[in-house]
Amino acid sequence: MGLWQKVFPQRAVVTVDDAGVRCLAAGTGVYVPFAEIESADVRQGIGWVMRLTRRDGSEVVHRLAPSDALEVQREVLHGLANVPRAPGPDVERVAMLARGARPLLAWLASVADAGRSAYRGASLDEDAARACLTDSAAPGDVRAACAHALLATAREDALATVARAFVAHSLPPLAVVGARLGRAGAALVPDGMCDDALPFLSPVDATAARGAMNAPVTHEDAEHAHAVMLRLRDEALEAFRTDAAAHAHTRRFRARGVGGYAGEQGVTRFK
């Protein structure tokens, strides 16, 4: 980080999801998973400043709106205290879905193949994929792949799993995009939600994702998917309300219907 940014940091919109912190400044996003954060500090200097120090020693520093500063601090510290530092054992069982160095669309195509082959009893461990999708400590690429692979099975129970995840969890940016680009993803993830996630991908990935959002597969079986999600909505939101005590740390944690189903996923948004 340059000296100028340390002394005069940009003002950012900060969003806390279930796995990390999103910082959006001047249209450019930085996503920092909780698992990578060594320490977090919000203090008054030249305005209110948030400093996230990664385990590798690098820093993300941004100014905050004065009215949001203490609430941002509370949300970040809550995430650091409550998100496990290591993923569950199921991650190893779907390790073949990890992205590696592959281009976004090539990777998702291979993930979709794994999901389709799972229908024929092949290698995808669906139980592990379901568990990893909601594991906030699992790598973002694995969570995205699990959503994409489950949708590719084209089975209603798998669609229901992904739909419930979107109601009960605030998924990281890549997982949102992975679901949006999956089979029937247009019915599951409103374009606005995907647009909010794209700034946190690399420019190359964001361009590829935007180009793929109108691909036929993302709209395939959309009517059926929408009907499934309408049936699930009340059930999932009721479960969310039942678990409201887990979200008592913030007044702004909510699920709100958008496009007939998915909402802000309970994302705490500071503006």
Side-chain angles (χ1 to χ4, degrees), residues 1-2 4-6 8-38 40-42 47-56 58-65 68-69 71-73 75-76 78-80 83 99 103-105 107-108 136-145 147-148 166 169-181 185 189-213 250 252-253 258 262-271:
M1 176 186 298
W4 181 265
Q5 173 64 6
K6 287 186 177 181
F8 300 103
Q10 287 183 300
R11 185 162 171 170
V13 174
V14 175
T15 307
V16 180
D17 62 36
D18 77 344
V21 182
R22 308 181 192 188
C23 304
L24 184 64
T28 300
V30 175
Y31 185 67
V32 189
F34 287 124
E36 294 181 6
I37 299 176
E38 181 65 31
D41 181 53
V42 176
W48 285 93
V49 176
M50 177 187 70
R51 185 183 306 273
L52 304 177
T53 303
R54 293 188 177 99
R55 291 184 173 185
D56 64 6
S58 62
E59 294 182 331
V60 174
V61 182
H62 285 291
R63 284 189 299 118
L64 305 173
D68 293 336
E71 197 166 3
V72 169
Q73 182 182 45
E75 293 301 315
V76 173
H78 181 274
L80 287 173
V83 173
R99 178 177 180 179
L104 177 69
L105 299 185
W107 164 55
L108 291 179
S136 56
D141 64 325
V142 174
R143 296 181 76 183
H148 198 83
F166 268 81
H169 297 267
S170 47
L171 303 179
L174 189 57
V176 172
V177 173
R180 173 60 183 83
L181 299 184
V189 183
D191 285 355
M193 184 187 293
C194 193
D195 288 340
D196 286 344
L198 290 176
F200 302 95
L201 275 59
S202 71
V204 171
D205 284 355
T207 298
R210 288 189 187 279
M213 283 173 66
T250 172
R252 302 184 185 183
F253 199 109
V258 174
E264 289 192 14
Q265 312 171 73
V267 168
T268 301
R269 185 179 302 278
F270 301 98
K271 295 182 178 178

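None of the values given here were measured: they were computed from a predicted structure.
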Please walk me through it: do L52 and V76 pass side-chain contact (heavy atoms from CB on, under 4.5 Å)?
-> CA-CA 9 Å; L52 304 177; V76 173; 4.1 Å; yes
Got a donor-acceptor contact below 3.5 angstrom from the T53 side chain to the E59 backbone?
-> no
Measure the CD-CG distance between E75 and L80 for me, rounded to the nearest 0.5 Å.
-> 11.5 Å
Cationic N near anionic O, under 4.0 Å, R22 to D196 | no
Salt bridge (charged side-chain N to carboxylate O under 4.0 Å, His left out) against R55, all qualifying residues, sequence neighbours excluded = none
Look at the side chain of S58 and the backbone N and O of R54, then say whether any donor-acceptor pair between them is shorter than 3.5 Å.
-> no
Side-chain donor or acceptor of Y31 paired with backbone N/O of P173 under 3.5 Å | no
Sequence neighbours left out, what pairs pass salt bridge (charged side-chain N to carboxylate O under 4.0 Å, His left out) with at least one residue falling in residues 198-212?
-> R99-D205, D195-R210
Taking C-beta and beyond as the side chain, do F34 and V16 meet within less than 4.5 Å on heavy atoms?
-> yes
Could you pull out the closest heavy-atom pair between V83 and S136, with the gap in Å?
-> CG1-OG, 3.7 Å
Going through the checks in order, is the side-chain contact (heavy atoms from CB on, under 4.5 Å) test met by D17 and L171?
-> CA-CA 6 Å; D17 62 36; L171 303 179; over 6 Å; no
Using the side-chain contact (heavy atoms from CB on, under 4.5 Å) rule, take C23 and V60 through it: C-alpha gap first, then chi angles, then the decisive distance, then the call.
-> CA-CA 9 Å; C23 304; V60 174; 4.3 Å; yes
Please answer whether the main-chain N or O of R11 pairs with a side-chain N or O of H62 as donor and acceptor at a distance below 3.5 Å.
-> no
Got V177 and C194 here, is their nearest side-chain heavy-atom distance under 4.5 Å?
-> yes
Please examine the side chains of D141 and W107, heavy atoms only from C-beta on, and report whether any two atoms are closer than 4.5 Å.
-> yes
Give the C-alpha distance, both sets of side-chain angles, the deciding distance and a yes or no for side-chain contact (heavy atoms from CB on, under 4.5 Å) between V49 and L64.
-> CA-CA 6 Å; V49 176; L64 305 173; over 6 Å; no
Which atom names give the shortest non-hydrogen contact between A179 and V189, and what distance separates them?
-> CB-CG2, 4.0 Å
Quick one: does V21's side chain get under 4.5 Å of P33's, heavy atoms only?
-> no
Is the closest side-chain heavy-atom distance between R180 and M213 below 4.5 Å?
-> yes
Applying side-chain contact (heavy atoms from CB on, under 4.5 Å) to L108 and not counting sequence neighbours gives L104, H148, L181
